[in-house]
Number of protein chains: 2
Amino acid sequence: MAVTIYDVAREANVSMATVSRVVNGNQNVKPATRKKVLECIERLGYRPNAVARGLASKKTTTVGVIVPDISKSYYAELSRGIADVATMYEYNIILSNSDKRATREVELLEDHLGKQVDGLIFMSDSLSDEIRSEMATANVPIVLAGTLGADTDLPTVNIDHEEAAYEAVKKLIDNGHERIVHVSGPMSRDINRLCKKVGYERAVKEAGLPLFEEFFIETDNTYDDAYEKWSVIRELKEKPTAIFAGNDEIAVGVLNGIRDDGFSVPDDYEVICFQHTLLSRAVRPQLTAIIVPLYDLGAVSMRLLTKLMNGEEVDDVNVILPYHKEDRQSTK
Amino acid sequence: MAVTIYDVAREANVSMATVSRVVNGNQNVKPATRKKVLECIERLGYRPNAVARGLASKKTTTVGVIVPDISKSYYAELSRGIADVATMYEYNIILSNSDKRATREVELLEDHLGKQVDGLIFMSDSLSDEIRSEMATANVPIVLAGTLGADTDLPTVNIDHEEAAYEAVKKLIDNGHERIVHVSGPMSRDINRLCKKVGYERAVKEAGLPLFEEFFIETDNTYDDAYEKWSVIRELKEKPTAIFAGNDEIAVGVLNGIRDDGFSVPDDYEVICFQHTLLSRAVRPQLTAIIVPLYDLGAVSMRLLTKLMNGEEVDDVNVILPYHKEDRQSTK
DNA sequence: CATCAGTATGTATTCGCTTTCTTTCATTAT
DNA sequence: ATAATGAAAGAAAGCGAATACATACTGATG
């Protein structure tokens, strides 16, 4: 049987309230008493039961993190940012994978709330109606990390993907390209449909270039699918000269397609993408990319959440973090 | 204020015990009563408080996962395996990063035990004495995933790294190489010092080849460090003709070093490594590699843990999973 | 119709801690 | 010396569920 606060109290000849005070750093304890209690705690190997504490105090010092897939480095990196700030503020993290399935997301949200998390960080592509209403009834703060949701009143932390996409495509246009293919992730995702694609189109239109429907190539966001899609790109009516990829995994798929087919980057095709992983730097040629500050997205989200959990006033709950572009060898 | 089991009981005109029975699927409830209670639960939006439940039942349906760094795809992949099986058995996961710091590991273990996890999965390189004794006093099962520890009585799930390393190096030897460099991760890690290096040496010795001390190159396990180390390798007295790398990130670092220096793989150097990520396949030439079944390591660890938590008999608590070698373009 | 065996439901306790409310006691000011 | 003040410590009431135990109800049986 585990040692309880009663055992310590008996051993130290004080009441459990006093032990509780010592454990929680309450100042109203005589130094001598504190010392005595501390010794007993040490001697008995007492370890406070966080569950009992949680029930009594209605705080669990635990936050929920619902992530599409932790095995994807995008989310793994982001989660690390969350975790580090959580540690800093002494929170634990309950981590669950949703695979972006709306029903699963709702289940997990319910589940986490049932576990009495003090707050929650949610990541996904788009917010289903069910999840929205579920979130609305939650009685703890929820932050959307790297997830569109400014239309709700939920706090969010993001980068300006549309502007970043615009800047990336603009770069290719400035390099003289007039026919740029956009190899995208699934259109079902808001971030692709409402941000990256929009930025791409804005840059193309603004430059007075024609917008070919066939230049829009959708993938399932995997390396292998992108690799396959090269065979589609090479058969296009209009011959493109540059590629704007939704992320580096896609970009590398296309890049390898291009090169395995005997073409050269950046001579035959220039390539630019969003960077989520080491891949951009590890391939040859290294990819020019928009660097997404994943770790920071997570860290800032968690920091925001701590403020919210603390009831602190937050002036702007829709945070936009800066990104930057790094020119490497896949563009000239 | 949240809806409690009392509220439901009052609303449904039954005792809280009955509500509890309904919620927990106890069969001794008249169907009509069950229906009535279920309706009230729905109507009031009652959601059982897992903390209270945990206190009363002494089970939290939560397991702790202590991982060095979730942002590393090695651990991210492994964790996903854990998470999926955890979901299957309806466990939540508390995930913490240790950065392999022994003191932090002990803290986290304490912390998780305080949170009353029903079991724990631990990953690290080596087990410090403190963590060993801490684990010995834990009153819940602990499984070491991808972590050496068969010398303790703790359950483990692993692959045979030594044999895998042996097989990899053997392949290079069979291809005619006599001077093979081993680019390793830090020697402080048991897995490098006691497994991979040992397998390397065994293969070399067994083939009657000389074992050059300078052929052993230690890195900090990062791409960048490995990339730098190429300049060391090229200056070696004895000129190597093949590389055995501890993992694919290292391998790609060396690979890029080789190629940026104007040499060719596999013509000038053959390369083989352990595969942890997509990197092995995404670079050109693709890397011949030992495929480590990371997801399975996690999944099997969690499955083992569920058995242990259930008090089931487990015949062998030291599980060794199979790996396989995939021949690609970095070897002939 | 009384009896017994289930079945269905209720009552009361317990889990280990926080927290409020008291009470006790030591200081200080008057 | 005494009242006022505040620090130190204790007593007791929850927190929201699970659960052991008690009790009421239901039929089937003889």
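Note that the structure is a prediction, hence the values are computed from the model and not measured.
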**Q** For DNA chain D, whose closest nucleotide is more 5', that of Lys30(B) or that of Ala52(B)?
**A** Ala52(B)
**Q** What's the spacing between Ser301(B) OG and Leu308(B) CG if we round to 0.5 Å?
**A** 11.0 Å
**Q** If we check side-chain contact (heavy atoms from CB on, under 4.5 Å) with Phe122(A), which of these qualifies: Thr156(A), Leu127(A), Leu108(A), Val67(A)?
**A** Leu127(A)
**Q** About how many Å separate CG of Asn221(B) and CZ of Arg189(B), when rounded to the nearest 0.5 Å?
**A** 4.5 Å
**Q** Does the side chain of Ser15(B) get closer than 4.0 angstrom to OP1 or OP2 of dG10(C) through an N or O atom?
**A** yes
**Q** Whole-Å distance between dA12(D) P and Arg21(A) CZ?
**A** 15 Å
**Q** Whole Å only: how far is the NZ atom of Lys115(B) from the P atom of dC17(C)?
**A** 14 Å
**Q** What is the separation between atom CG on Asn28(A) and atom P on dT20(C), rounded to the nearest whole Å?
**A** 13 Å
**Q** Can you check whether Lys58(A) has a side-chain N or O nearer than 4.0 Å to OP1 or OP2 of dG14(D)?
**A** no
**Q** Take the protein atom CZ of Arg34(A) and the nucleotide atom C1' of dA7(D), then report the distance between them rounded to whole Å.
**A** 13 Å
**Q** Over how many whole Å does the gap from Met16(A) atom CE to dT20(C) atom C1' extend?
**A** 13 Å
**Q** Lys35(A) NZ to dA9(D) P: how many Å, rounded?
**A** 14 Å
**Q** Considering just the side-chain nitrogens and oxygens of Arg53(A), establish if one lies under 4.0 Å of OP1 or OP2 belonging to dG16(C).
**A** no
**Q** Would you say a side-chain N or O of Thr18(B) is under 4.0 Å from OP1 or OP2 of dT9(C)?
**A** no
**Q** Let me know the distance between CG of Asn13(A) and C1' of dA11(D), rounded to the nearest Å.
**A** 16 Å
**Q** Are there over 12 heavy-atom neighbours, none belonging to Lys115(B), within less than 6.0 Å of that residue's NZ?
**A** yes
**Q** Pick base, sugar-phosphate or nothing for Ser20(A), based on heavy-atom distances below 4.0 Å to the nucleic acid.
**A** base
**Q** Have a look at Asn49(A) and say if it touches a base, only the backbone sugar-phosphate, or nothing, with a 4.0 Å heavy-atom cut-off.
**A** sugar-phosphate
**Q** With a 4.0 Å cut-off on heavy atoms, is Val14(B) in touch with a base, just the backbone sugar-phosphate, or nothing at all?
**A** sugar-phosphate
**Q** Without decimals, in angstroms, what is the distance between Leu55(A) CG and dA18(D) C1'?
**A** 12 Å
**Q** Among dG10(D), dA9(D), dA18(D), find the nucleotide with the atom closest to the side chain of Ala17(A).
**A** dG10(D)
**Q** Go nucleotide by nucleotide along DNA chain D from the 5' end; which of Thr33(A) and Tyr6(A) gets its closest nucleotide reached first?
**A** Thr33(A)
**Q** Given dC17(C), is OP1 or OP2 found less than 4.0 Å from the side-chain N or O atoms of Tyr46(A)?
**A** yes
**Q** May I ask you to decide whether Glu107(B) forms a salt bridge with Arg104(B), counting only side-chain N to carboxylate O separations under 4.0 Å?
**A** yes
